[in-house]
Amino acid sequence: MIAFLGLGNMGGPMAANLVKAGFTVTGYDPVPEAAARAASSGVQIADSVADAAADADVVITMLPNGSAVKDCYDQILAAAAPGTLLIDSSTISVEDVREANALAEDAGSPQIDAPVSGGVKGAVAATLAFMVGGTDAAVDLARPVLEPMAGKIVHCGGAGNGQAAKVCNNMVLATQQIAVGEAFLLAEQLGLSAQSLFDVITGATGNCWAVSANCPVPGPVPTSPANNDFRPGFATALMNKDLGLAMDAVAATGSQAPLGSHAAEIYAKFATEHADSDFSAVIEMLRRS
Ligand code: NAD
């Protein structure tokens with residue numbers, strides 16, 4: 001039996017895909033609407049974290065932040081049998097996940113970090129990219145549970161390395177989305193059409209997801225959030241959160257990240273008024289400044 005804790009925008013559809021794959025899934029979420037949505041897709045609902053975890057072979061957490069994960073781990077480890085596999089798919093700091101991993105290992109439970117990329121669309125379509133940190137044995141145990149939710153699973157090394165990969169990827173993505181916005185604005189000023197720039201970049205060395213899938217102007221990619229009033233997509237609030245984690249890691253390691261740091265400043269400012277817009281909407285702030 002799988003316990004699934006955190007049945008929100010991501011956890012709800014991920015748990016539903018495990019049910020579809022034939023697993024018995026018991027979920028818990030303190031928000032009744034989230035629990036009710038999961039129940040309608042076949043997830044059995046428990047009354048507490050401890051109830052959900054008590055008889056589980058595997059416990060998956062998909063929670064908002066590191067303190068929620070560590071709180072939950074205290075409750076899970078008090079209730080679950082030693083040996084229960086713990087998988088954390090939340091996006092949290094490398095430091096927090098390594099603490100959670102140590103808590104689990106001390107209690108005799110294998111634990112992996114398995115954050116995801118692909119957003120709500122990927123969670124619904126079961127095409128998430130999992131970046132996994134943990135021992136070979138724990139990752140092998142987890143694979144059959146991750147596969148029904150995954151497009152791709154990459155084992156990145158020991159505990160915390162999944163989160164390390166996630167913060168590095170999202171720092172690159174943030175800088176690319178800003179750079180692509182700058183290029184489309186410059187093209188406008190130079191009298192170059194958005195479609196021409198798109199056609200050139202997507203066949204040239206500037207190509208990246210931020211333009212080929214998430215083009216920040218309407219037209220070239222009909223499914224990009226720019227065509228839909230910048231409804232996410234990937235909300236600015238989440239990008240701002242991930243850049244905060246990246247900046248914590250930069251500060252903790254003394255690594256140099258001048259572009260990542262500037263992107264973090266830009267998104268922190270943009271998030272004060274546009275937290276709910278897709279992060280590609282940053283082009284509108286550049287246009288106004
Ligand atoms: P969400 O806010 O929709 O869901 C989180 C859920 O956790 C909420 O329903 C909340 O009630 C529940 N929760 C809080 N404390 C709990 C507890 N103790 N026990 C059980 N449930 C609890 O957030 P989300 O969009 O589903 O994101 C979840 C995680 O995935 C975050 O760490 C986020 O950064 C990450 N993530 C999100 C996206 C995305 O596009 N939404 C993409 C990749 C990663």
Side-chain angles (χ1 to χ4, degrees), residues 2-17 25-39 43 45-54 56 59-80 86-94 96-97 100 113-132 146 149-152 162-163 165-167 169-170 173-174 209 213-214 225 231-246 248 267 271 275-280:
I2 298 175
F4 207 113
L5 308 177
L7 300 166
N9 293 326
M10 295 291 291
M14 289 166 74
N17 282 326
V25 182
T26 299
Y28 172 72
D29 194 298
V31 173
E33 293 75 22
R37 262 196 311 274
V43 175
I45 299 301
D47 289 334
S48 66
V49 169
D51 279 353
V59 180
I60 303 176
T61 39
M62 193 55 173
L63 299 170
N65 53 48
S67 57
V69 172
K70 286 191 285 183
D71 281 359
C72 231
Y73 267 38
D74 287 337
Q75 298 169 60
I76 295 164
L77 293 168
L86 308 189
I87 301 174
D88 181 43
S89 283
S90 327
T91 302
I92 67 175
S93 72
V94 175
D96 280 342
V97 83
D113 51 301
V116 297
S117 172
V120 176
K121 262 192 205 160
V124 172
T127 55
L128 292 170
F130 282 86
M131 301 152 239
V132 182
L146 298 181
M149 304 181 281
K152 188 175 184 183
Q163 293 294 352
K166 170 88 183 172
V167 293
N169 178 71
N170 281 19
L173 176 60
W209 185 90
N214 219 39
R231 274 194 275 280
F234 188 49
T236 295
L238 289 171
M239 177 51 91
N240 188 40
K241 170 193 166 183
D242 292 359
L243 286 169
L245 297 174
D248 289 347
Y267 274 110
D276 296 336
S277 296
D278 185 78
F279 77 116
S280 60

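Positions are given from 1 along the sequence. For ligands, and for the atoms within them, numbers begin at 1 and follow the listed sequence.
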Requested in this report: Answer yes or no: does an N/O atom from Ser89 fall short of 3.5 Å to an N/O atom of ligand 1?
Outcome: no
Report task. Check each atom of ligand 1 against the heavy atoms of Cys72 and keep those under 4.0 Å away; list them by number with element. Result -> 18 (N), 19 (N)
Query raised in the report: Would you say the side-chain atoms of Lys70 pair up with the backbone N or O of Ala100, donor to acceptor, closer than 3.5 Å?
Result: no
Query - Nearest-neighbour protein heavy atom for atom 20 (C) of ligand 1, which is reported as residue plus atom name and distance - result: Tyr28 O, 3.4 Å
Query raised in the report: Roughly how far, to the nearest 0.5 Å, is the CD1 atom of Ile92 from the NZ atom of Lys241?
Result: 8.5 Å
**Report entry** Backbone or side-chain N or O of Gly233 under 3.5 Å from ligand 1 N or O
**Finding:** no
Report task. Distance to 0.1 Å, residue and atom name: give those for the protein heavy atom nearest to atom 6 (C) of ligand 1. Result -> Asp29 OD2, 3.5 Å
Query raised in the report: Which residue supplies the protein heavy atom nearest to atom 40 (O) of ligand 1, what is that atom called, and how far is it?
Result: Gly119 CA, 3.5 Å
**Report entry** Heavy-atom check, side chain of Val132 versus side chain of Leu146, under 4.5 Å
**Finding:** yes
Query raised in the report: Is there at least one protein heavy-atom neighbour under 4.0 Å from atom 2 (O) of ligand 1?
Result: no
Report summary line: Rounded to the nearest 0.5 angstrom, the CG-CE distance for Leu128 and Met10 is 5.0 Å
Query raised in the report: If you draw a 6.0 Å radius around CG in Asp71, do more than 12 non-hydrogen atoms from other residues or ligands fall strictly inside?
Result: yes
Query raised in the report: Does atom 9 (O) of ligand 1 have a protein heavy-atom neighbour under 4.0 Å away?
Result: yes
Query - Approximate separation, where rounding is to 0.5 Å, of Thr61 OG1 and Asp113 CG - result: 10.0 Å
Query raised in the report: Any N or O on Leu63 sitting closer than 3.5 Å to an N or O of ligand 1?
Result: yes
**Report entry** Flag side-chain contact, heavy atom, 4.5 Å: Ile76 against Leu5
**Finding:** yes
Query - Atoms in ligand 1 with a heavy atom of Met62 nearer than 4.0 Å - result: 5 (C), 7 (O), 29 (C), 30 (O)
Requested in this report: Supply the atom-to-atom distance Asp29 CG to Leu63 CG, rounded to the nearest 0.5 angstrom.
Outcome: 8.5 Å
Report task. Go through ligand 1 atom by atom and flag the ones less than 4.0 Å from a non-hydrogen atom of Ser90. Result -> 32 (O)
Report task. On the 0 to 90° scale, with breaks at 30° and 60°, tag the Phe234-Phe279 ring pair as parallel, tilted or perpendicular. Result -> perpendicular
Query - Identity and separation of the nearest protein heavy atom to atom 14 (C) of ligand 1 - result: Pro64 CD, 3.9 Å
Query raised in the report: To the nearest 0.1 Å, how far is atom 23 (O) of ligand 1 from its closest protein heavy atom, and which atom is that?
Result: Asn9 N, 4.6 Å
Query - Separation between CZ of Arg37 and CD1 of Ile45, rounded to the nearest 0.5 Å - result: 11.0 Å
Query raised in the report: In the protein, what heavy atom is nearest to atom 44 (C) of ligand 1, and what distance, to one decimal place, separates them?
Result: Thr91 OG1, 3.5 Å
Requested in this report: Mind checking the CG-CD spacing from Asp242 to Gln163? Nearest 0.5 Å is all I need.
Outcome: 9.0 Å
**Report entry** Side chain proximity check, Val43 to Phe4, heavy atoms < 4.5 angstrom
**Finding:** no
**Report entry** For Lys241, atoms of ligand 1 separated by under 4.0 Å from a heavy atom
**Finding:** 31 (C), 32 (O), 33 (C), 34 (O)
**Report entry** Residue Lys166 vicinity, atoms of ligand 1 by number, heavy atom under 4.0 Å
**Finding:** 43 (C), 44 (C)
**Report entry** Closest approach of any protein heavy atom to atom 4 (O) of ligand 1, naming residue and atom
**Finding:** Gly8 CA, 3.3 Å
Report task. If you have a sec, work out which protein heavy atom is nearest atom 26 (O) of ligand 1 and how many Å separate them, to one decimal? Result -> Met10 N, 2.8 Å
Query - Region of Leu238 that comes within reach of ligand 1 [heavy atoms, distance under 4.0 Å] - result: side chain
